[in-house]
There are 2 protein chains.
Amino acid sequence: MEKNLKKNPVCDERCPVRASLSLLSGKWTLMILFQINRNVVRYGELKRAVTGISEKMLIQELNMLVENKLVSKEVYPQIPPKVEYRLTELGLKTLPIVDQLAQFGLENLV
Amino acid sequence: MEKNLKKNPVCDERCPVRASLSLLSGKWTLMILFQINRNVVRYGELKRAVTGISEKMLIQELNMLVENKLVSKEVYPQIPPKVEYRLTELGLKTLPIVDQLAQFGLENLV
C-alpha cells in the first residue's frame with residue numbers, strides 16, 4: 001500500500017530536473033565543468049584533460065557553456081593567443097552535481 | 001599563483017565522473033531515474049510522467065537501465081500485461097545526483 005504514497009509530480013517543462021538536464025545532459029558537459037572546477041584553465045589544458053573529445057566538440061561545448069553563463073572565457077590579445085576559461089558563479093553551483101557523480105563513480109564503477 | 005595549485009587529474013577511462021556519465025548522461029536517463037525514485041512504477045505511469053519522451057526512446061532507455069542494473073523490471077503474466085519498474089540498490093545510489101540536479105534547477109532555472 002505505502003509503495004505509491006509519495007509520487008513525484010509529472011516531469012514537464014517546469015520540472016527542475018528537466019531544466020537542469022536541458023543545460024547539463026550533453027555527453028561531455030559535466031566532464032568539462034568537472035575539469036575546469038575551481039581553476040582557471042587554458043584551452044590546451046582542457047583539450048588534454050578531457051581525453052577523447054574532438055576539437056570541434058570541445059569548442060562547441062565551451063561555446064554552449066559560455067552562452068548559458070556557466071563558464072566565462074577570457075581572450076588575451078597576444079601571439080600566440082591565450083584563452084582561459086573559468087566557472088561563473090552559476091557554473092560553480094553545478095559542482096555539487098559533479099561531486100555526486102564522482103562519488104557514485106568511485107563507489108560503484110571504477 | 002594559487003589559481004592552479006589544485007588541478008584535477010586528467011579525465012580518462014579511470015575518471016569516476018566519466019564512468020558515471022557513461023551510464024547516466026543520456027538526455028532522459030536521470031529524468032527517468034528521478035521519476036521512478038523510491039516508487040514502484042508501471043510503464044504507463046512513466047510514459048505519462050516523463051512528458052515528451054517517445055515510446056521507442058522510453059523502452060530503449062528502460063532496457064539500458066535494466067541492463068546496467070540500475071532498474072529492475074517485473075512482468076506480471078496477466079492480461080492486459082502489467083510491467084513494473086523500481087530502482088535497484090545501485091539505482092537508488094543515483095538519487096543524490098538527481099537531488100542535486102533538482103536543487104540546481106529549483107534555485108537557478110525554474
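To find a chain, count down the sequence lines: A is the first, B the second, and so on, and within it residues start at 1. Below, all heavy atoms of this structure are taken into account, side chains as well, without hydrogens, waters or symmetry copies.
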* Regarding B/Lys73 and the six-membered ring of B/Tyr85, is the cationic atom NZ or CZ under 6.0 Å from the ring centre and inside 45° of its axis? -> no
* Asked: Which hydrophobic side chains are connected to A/Leu106, either touching it within the sub-4.5 Å cutoff or through other members that do?
  -> A/Val110
* Side chain, backbone, both or neither: which part of B/Ile53 has a non-hydrogen atom closer than 4.5 Å to chain A? -> neither
* So which heavy atom on A/Gln35 is nearest to which on A/Ala49, and how close? -> OE1-CB, 3.4 Å
* Locate the shortest heavy-atom distance separating A/Gly26 from B/Ser25; write the atom from each residue and the value. => O-CB, 4.4 Å
* Structure fact -> Greatest number of non-hydrogen atom pairs under 4.5 angstrom with chain B, of A/Cys15, A/Gly52, A/Pro16, falls to A/Pro16
* To do: Write down the atom of B/Lys27, the atom of A/Leu21, and the distance for their closest heavy-atom approach.
  => O-CD1, 4.2 Å
* Asked: Quick one: does NZ or CZ of A/Lys82 land under 6.0 Å from the six-membered ring centre of A/Tyr76, within 45 degrees of the ring axis?
  -> yes
* Output the residues of residues 64-72 of chain A for which the shortest heavy-atom distance to chain B is under 4.5 Å, in residue-number order; output 'none' if no such residue exists. => A/Leu70
* Determine which pairs satisfy side-chain hydrogen bond (donor to acceptor under 3.5 Å, both in side chains) with at least one residue from residues 51-64 of chain B, sequence neighbours left out, and list them in order. => A/Arg18-B/Thr51, B/Thr29-B/Glu61, B/Tyr43-B/Glu55
* **A/Thr94 portion near chain B, given a 4.5 angstrom heavy-atom threshold** => both
* Structure fact -> If you tally heavy-atom pairs under 4.5 Å between each of A/Gly105, A/Ala19, A/Ser20 and chain B, the highest tally belongs to A/Ser20
* Asked: Can you name the side chain to side chain contact (heavy atoms under 4.5 Å, CB included) partners of A/Glu107, sequence neighbours left out?
  -> A/Gln103
